[in-house]
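The structure under discussion appears below in the form of structure tokens.
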Amino acid sequence: MAREVVALDADFRATLAQWLVFPAGAYLMGNGRHDDDLARMQEALGLYDKLIGEQPGSEELRYRKAWALVNLAQALWGKPDHAKAHSVPSRPPTCSVNSPPRTAGGFAEGWATG
């Protein structure tokens with residue numbers, strides 16, 4: 001029904017995008033329809049991208065897109081085949097590629113600390 005409303009009035013696209021994430025996406029995920037949930041979230045992200053392109057100064061649309069991305073990440077994480085395919089390591093890695101290199105005196109020369 002929401003798509004029918006958007007077909008009549010494109011001003012409701014942001015409402016459709018929000019609805020695709022919640023409650024529709026949450027309902028689908030809660031009922032084990034993970035692939036359908038992911039498809040709705042990706043559709044919502046596509047709508048947000050189009051709307052942001054049309055209204056680049058809209059902080060509300062950028063916020064809603066970020067909200068949709070968080071929900072997409074949660075949906076991907078909660079997908080059963082994800083949990084089976086990825087095991088949690090027994091201990092954390094000893095180094096991180098995101099950490100700056102260190103010297104005896106602290107950060108390596110030339111590393112931006114600010």
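Every heavy atom of this structure was used, including side-chain atoms; hydrogens, water molecules and symmetry mates were not.
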Residue pair Asn71 / Phe22, side-chain heavy-atom distance below 4.5 Å = no

Does the Asn31 side chain pair with the main chain of Arg33, one donor and one acceptor, at a distance under 3.5 Å?
-> no

Rounded to the nearest 0.5 Å, what's the gap from CG on Leu76 to CG on Leu38? Could you check?
-> 5.0 Å

Heavy-atom pair of closest approach, residues Ala26 and Asp37 = N-OD1, 4.3 Å

With hydrophobic residues grouped by side-chain heavy-atom distances under 4.5 Å, do Leu45 and Leu61 end up in a single group?
-> yes

Leu51 with Leu69, same ILVMFWY side-chain cluster at under 4.5 Å = yes

Looking only at non-hydrogen atoms, find the nearest pair between Phe12 and Val6 and report the distance.
-> O-CG2, 3.6 Å

Spacing of Leu72 atom CG and Trp77 atom CH2 [to the nearest 0.5 Å] = 14.0 Å

Are any non-hydrogen side-chain atoms of Leu20 and Leu47 less than 4.5 angstrom apart?
-> yes

Intermediate values then yes/no, side chain to side chain contact (heavy atoms under 4.5 Å, CB included), Arg3 and Glu43 = CA-CA 12 Å; Arg3 286 187 180 90; Glu43 182 182 353; 2.5 Å; yes

Got a sec, which residues hit salt bridge (Lys or Arg N to Asp or Glu O under 4.0 Å) with Glu60, two or more places apart in sequence or on another chain?
-> Arg64

What are the two closest heavy atoms between Ala68 and Met41, and how far apart are they?
-> O-SD, 4.3 Å

Exercise: identify the closest heavy-atom pair between Met29 and Ala75 = SD-CA, 3.6 Å

With Asp49 as partner, the option from Lys65, Arg13, Arg62 fulfilling salt bridge (Lys or Arg N to Asp or Glu O under 4.0 Å) is Lys65

What closest approach, in Å, do Ala44 and Ala17 show between heavy atoms, and which atom pair accounts for it?
-> CB-O, 3.4 Å

